[in-house]
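Notes for the one structure printed next.
Because the structure is predicted, anything quoted here is derived from the model rather than measured.
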Amino acid sequence: MRLSSAAAMRPAIAVTLALVVSIPALAAGLRVRDADTIVVDGTPVRLQGVDAPELKTRAGKDARRWMVNFLAGKSVECSLNGERSYDRYIGVCHAEGQDIGAAVIAAGHALDCRRYSVGRYRHLETPAAKSRIRRASYCR
């Protein structure tokens, strides 16, 4: 399925689910839930392979604030893999060509979730993040 922010576009069925949306980050079409979940044009997207701290923690609040600032004024594009986690689709998103998951991990606000990233982001983890953020048990 391919979705676009344009109201005239209609979903089309395909084997692979892909969401491709380009919108300004501050527009009503983009919202940051936390450092590993964004809502693009009403579609919640869980960043594949990103293990971010929960919002109830100080690290989680800091990570969300970083994500809001990082995405401010940028266009976002997501490719979904067809899987879901709760109400969210799973995918890799880019802000003006930069992998958002890689950026939040390299900035020290999240860790690589090897189970879902296959280690794609492991080399980007910072020593400070590894000592400060507790890795989710499902990511070990």
Side-chain angles (χ1 to χ4, degrees):
M1 180 172 8
R2 192 170 175 87
L3 303 173
S4 174
S5 60
M9 300 292 286
R10 296 288 180 246
I13 297 175
V15 174
T16 304
L17 179 65
L19 169 72
V20 179
V21 182
S22 292
I23 53 176
L26 293 179
L30 183 82
R31 187 170 59 84
V32 176
R33 279 193 190 170
D34 56 27
D36 59 23
T37 303
I38 60 176
V39 180
V40 182
D41 199 29
T43 302
V45 180
R46 169 72 161 81
L47 299 176
Q48 182 178 350
V50 177
D51 179 16
E54 296 301 318
L55 270 179
K56 62 185 173 189
T57 67
R58 178 181 175 106
K61 289 179 179 89
D62 290 345
R64 182 185 183 282
R65 186 176 315 111
W66 181 90
M67 182 69 79
V68 168
N69 291 330
F70 175 73
L71 294 176
K74 294 181 180 170
S75 295
V76 172
E77 182 177 287
C78 297
S79 297
L80 306 182
N81 67 10
E83 296 176 20
R84 292 190 68 158
S85 172
Y86 302 100
D87 70 322
R88 307 166 295 182
Y89 289 93
I90 310 296
V92 176
C93 297
H94 293 84
E96 298 184 354
Q98 186 176 6
D99 183 329
I100 298 170
V104 71
I105 292 169
H109 291 289
L111 299 172
D112 175 69
C113 185
R114 187 176 11 177
R115 178 177 174 189
Y116 297 106
S117 74
V118 193
R120 174 175 61 238
Y121 300 127
R122 192 89 168 162
H123 69 285
L124 299 171
E125 291 182 337
T126 66
K130 287 195 277 189
S131 68
R132 184 175 31 77
I133 300 170
R134 183 175 177 193
R135 193 177 309 273
S137 60
Y138 61 83
C139 289
R140 294 183 186 137

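Residue pairs meeting the side chain to side chain donor-acceptor pair (under 3.5 Å) criterion with at least one member in residues 125-134, sequence neighbours excluded: E125-R135. Sorted pairs that involve residues 33-62 and meet ring pair (Phe, Tyr, Trp, His ring centres under 6.0 Å), not counting sequence neighbours, are lacking altogether. Contacts classified as disulfide bond (SG atoms under 2.5 Å apart) and involving residues 98-137 (residues at least two apart or in different chains) are given here: C113-C139.
The minimum heavy-atom distance between S85 and I90, with the atom names listed, is CB-CD1, 3.6 Å. What you find for I38 and C93 is that their closest heavy atoms are CD1-SG, 4.0 Å. Of all heavy-atom pairs spanning A103 and Q98, the tightest one is CB-NE2, 3.8 Å. Closest non-hydrogen pair, L71 versus A95, comes out as CD2-CB, 3.8 Å. When every heavy atom of V92 is checked against every heavy atom of H94, the shortest pair comes out as CG1-CE1, 3.7 Å. The two residues A136 and D51 have their closest heavy-atom pair at N-OD2, 2.8 Å.
If you take CG on N81 and OH on Y116, they are separated by 10.5 Å, rounding to the nearest 0.5 Å. The distance from the CE atom of M67 to the CZ atom of R64 is 10.5 Å, given to the nearest 0.5 Å. Distance check: R122 CZ to R114 CZ gives 4.0 Å after rounding to the nearest 0.5 Å.
In this structure, N69 has no side-chain hydrogen bond (donor to acceptor under 3.5 Å, both in side chains) partners at least two apart in sequence or on a different chain. Under the rule for a side-chain hydrogen bond (donor to acceptor under 3.5 Å, both in side chains), the partners of R84 that lie at least two apart in sequence or sit in another chain are Y89. Under the rule for a side chain to side chain contact (heavy atoms under 4.5 Å, CB included), the partners of T37 that lie at least two apart in sequence or sit in another chain are R33, D34, R46, R88. E54 pairs by the side chain to side chain contact (heavy atoms under 4.5 Å, CB included) definition with K56, not counting sequence neighbours. Shown here are the ring pair (Phe, Tyr, Trp, His ring centres under 6.0 Å) partners of F70, two or more places apart in sequence or in another chain: W66. With sequence neighbours left out, D112 forms a side-chain hydrogen bond (donor to acceptor under 3.5 Å, both in side chains) with S117. Shown here are the salt bridge (charged side-chain N to carboxylate O under 4.0 Å, His left out) partners of R140, two or more places apart in sequence or in another chain: there are none. In this structure I133 satisfies the side chain to side chain contact (heavy atoms under 4.5 Å, CB included) test together with P53, L111, A129, sequence neighbours excluded.
A single hydrophobic cluster is seen to contain both L124 and V50, as judged by linkage of ILVMFWY side chains at heavy-atom distances under 4.5 Å, directly or through other members.
With side-chain heavy atoms closer than 4.5 Å counting as contact, directly or through intermediates, Y86 stands alone and belongs to no larger hydrophobic cluster.
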* Evaluate the criterion side-chain contact (heavy atoms from CB on, under 4.5 Å) for residue pair I100 and K74; output intermediate values, then yes/no. => CA-CA 11 Å; I100 298 170; K74 294 181 180 170; over 6 Å; no
